Every structure is written in C-alpha cells, then in structure tokens.
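Everything numeric in this text was worked out from a predicted model, so none of it was measured. All residue numbers in this chain count up from 1 along the given sequence.
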Amino acid sequence: MVKALHNSLGFQLQKAVKKGELSAYYQPIIDAITGYVVGAEALVRWIKPDSLR
C-alpha cells in the first residue's frame, strides 16, 4: 500500500513542488487586430532530473 501511494501522481507532484522541479512558462495572447496583449496562457513543465529528454 505504501509503495502504491509513493507511485501516485499526487504524491509525486507534492515531491516535485518541494524539490523545485516545476517551472512556469507564459505565452502571451495577442489581439490580432490591435496587436495588444490581452491575456496570457500558463504552462507548467515538470523537469524531472531522473527522466530522459
């Protein structure tokens, strides 16, 4: 049971937050007519040191 908990996505994400493995990236949303930035999309990347890129 403990091993199943440690393999759960929730547990792994908690560890990733504590280790600083999550990075935020922002993509501006630009109005095609005015050219003004009207918002942004956010993306969170999980940079795991033990994974292949």
Side-chain angles (χ1 to χ4, degrees):
M1 179 70 175
V2 172
K3 184 169 177 72
L5 173 66
H6 285 224
N7 287 329
S8 73
L9 180 58
F11 183 81
Q12 295 296 318
L13 279 170
Q14 285 179 356
K15 283 188 359 182
V17 169
K18 289 178 185 174
K19 291 177 161 185
E21 295 177 351
L22 303 178
S23 296
Y25 295 86
Y26 299 96
Q27 175 71 39
I29 300 172
I30 300 172
D31 184 294
I33 295 173
T34 65
Y36 291 126
V37 175
V38 294
E41 297 175 333
L43 170 70
V44 176
R45 293 189 187 267
W46 187 349
I47 311 300
K48 295 175 69 174
D50 61 342
S51 66
L52 299 175
R53 291 185 184 194

Asker: State which residues pass side chain to side chain donor-acceptor pair (under 3.5 Å) with Q14; sequence neighbours excluded, sorted by chain then number.
Answerer: none
Asker: Going by the rule side chain to side chain contact (heavy atoms under 4.5 Å, CB included), which residues pair with K15 if we only count those two or more places apart in sequence or in a different chain?
Answerer: F11, Q12
Asker: Do you know which two heavy atoms are closest between P28 and V37, and how far apart they sit?
Answerer: CB-CG1, 4.2 Å
Asker: With sequence neighbours left out, write down each residue that passes side chain to side chain contact (heavy atoms under 4.5 Å, CB included) with L13, or none if nothing qualifies.
Answerer: L9, W46
Asker: Linking Ile, Leu, Val, Met, Phe, Trp and Tyr through side-chain heavy atoms less than 4.5 Å apart, which residues share a cluster with V38?
Answerer: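 When side chains under 4.5 Å apart are linked, the cluster holding V38 also contains I29.
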Asker: Any idea which heavy atoms bring Y26 and A24 closest together, and the distance?
Answerer: OH-CB, 3.8 Å
Asker: Which residues end up grouped with Y36 if you chain together Ile, Leu, Val, Met, Phe, Trp and Tyr wherever their side-chain heavy atoms are less than 4.5 Å apart?
Answerer: none
Asker: Please name all residues satisfying side chain to side chain contact (heavy atoms under 4.5 Å, CB included) with V44, sequence neighbours left out, ordered by chain then number.
Answerer: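 For V44 the side chain to side chain contact (heavy atoms under 4.5 Å, CB included) partners, ignoring immediate neighbours, are L22.
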